[in-house]
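The first residue of the sequence shown is numbered 1, and numbering continues consecutively from there. For the numbers below, each heavy atom of this structure counts, side chains included, while hydrogens, waters and symmetry mates do not.
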Amino acid sequence: MADATTPAPAAPASTTQKAPVSRGKAVVNGKTYFLGTGRRKKSVARVRMTAGDGKFIVNGREVDDFFKETKDRHYVRAPLMAANVASAFNVSVTVNGGGYTGQAGAIVQGLGRAISIYDPTTRAGQKEGGFLTRDSRMKERKKYGRRGARRSYQFSKR
């Protein structure tokens with residue numbers, strides 16, 4: 001048992017320079033990142049934006065390779081188009097959980113949050129487009145005595 005006079009061990013020194021994250025904005029090694037988190041259904045997306053030439057990477061793949069459906073490709077680019085910053089930023093996204101449509105919705109919310117942190121004047125446009133709204137619809141849980149969330153077993157009178 002250690003006595004109260006023994007000092008706690010010091011934390012190891014970090015090799016990379018990191019400034020503290022202040023509400024969605026981080027500076028790492030001189031680069032400024034704008035961060036946003038989005039959720040939809042079971043999907044969670046962590047979005048990082050930095051100044052660049054318009055690359056859009058989702059889980060290490062180009063956005064056009066990641067999303068097979070055209071509607072999802074257009075949907076994830078909509079917040080950038082609404083703010084007219086599509087070619088000014090590189091976007092890197094880590095998303096997991098759910099299916100492709102849920103992941104697209106999570107990316108849109110995270111991207112909308114990151115853009116509104118970058119330029120607070122675009123917040124009204126992002127809100128009007130519905131890019132900051134959390135879609136709260138989730139899968140309903142299964143109840144006991146039923147086959148699914150609401151489906152019952154077949155009734156037999158005799």
Does Lys68 NZ have over 12 foreign heavy atoms under 6.0 Å away? yes
Within 6.0 Å of NZ in Lys42, more than 12 heavy atoms from elsewhere: no
From [atom1] ([X]) to [atom2] ([Y]), nearest 0.5 Å:
X      : Y      : atom1 : atom2 : answer
Thr122 : Phe131 : OG1   : CZ    : 11.0 Å
Glu69  : His74  : CD    : NE2   : 11.5 Å
Phe56  : Arg77  : CZ    : CZ    : 7.0 Å
Lys143 : Ser152 : NZ    : OG    : 12.5 Å
Thr70  : Asp72  : OG1   : CG    : 9.0 Å

Give me the atom names and distance for the closest heavy-atom approach of [X] to [Y].
X      : Y      : result
Lys41  : Arg137 : CG-O, 3.8 Å
Ala51  : Phe89  : N-CD2, 3.8 Å
Arg150 : Glu140 : NE-OE1, 3.0 Å
Ala149 : Arg146 : O-CD, 4.0 Å

I'd like to check [X] versus [Y] (side-chain heavy atoms, cut-off strictly below 4.5 Å). Are they in contact?
X      : Y      : answer
Arg123 : Leu132 : yes
Tyr118 : Val85  : yes
Pro79  : Gln126 : yes

Do Tyr75 and Phe67 have their ring centres less than 6.0 Å from each other? no
Derivation and outcome, side-chain contact (heavy atoms from CB on, under 4.5 Å), residues Tyr33 and Leu35: CA-CA 6 Å; Tyr33 293 95; Leu35 311 171; 4.1 Å; yes
What verdict does the side-chain contact (heavy atoms from CB on, under 4.5 Å) test give for Asn59 and Arg61, after you've listed the backbone C-alpha separation in whole Å, the side-chain angles of each residue and the deciding distance to 0.1 Å? CA-CA 6 Å; Asn59 288 353; Arg61 293 160 51 189; 5.7 Å; no
Between Val63 and Arg73, is the side-chain contact (heavy atoms from CB on, under 4.5 Å) condition met? List the steps. CA-CA 7 Å; Val63 69; Arg73 292 180 197 166; 5.6 Å; no
Can you give the donor-acceptor pairs under 3.5 Å from side chains of residues 94-110 to other protein atoms, not counting sequence neighbours?
unit_1	atom_1	unit_2	atom_2	d
Gln103	NE2	Gly97	O	3.1
Gln109	OE1	Arg39	N	2.8

Take Ile57 and Glu62 through the test side-chain contact (heavy atoms from CB on, under 4.5 Å) and record every step on the way to the result. CA-CA 5 Å; Ile57 306 294; Glu62 280 289 328; 3.5 Å; yes
Going only through I, L, V, M, F, W and Y residues with side-chain contacts under 4.5 Å, is there a path from Val44 to Val76? no
Test applied, side chain to side chain contact (heavy atoms under 4.5 Å, CB included); reference residue, Met49; option that passes from Asn90, Val93, Ile115: Ile115
May I ask you to decide if Ser92's main-chain N or O and Arg48's side chain share a donor-acceptor pair within less than 3.5 Å? no
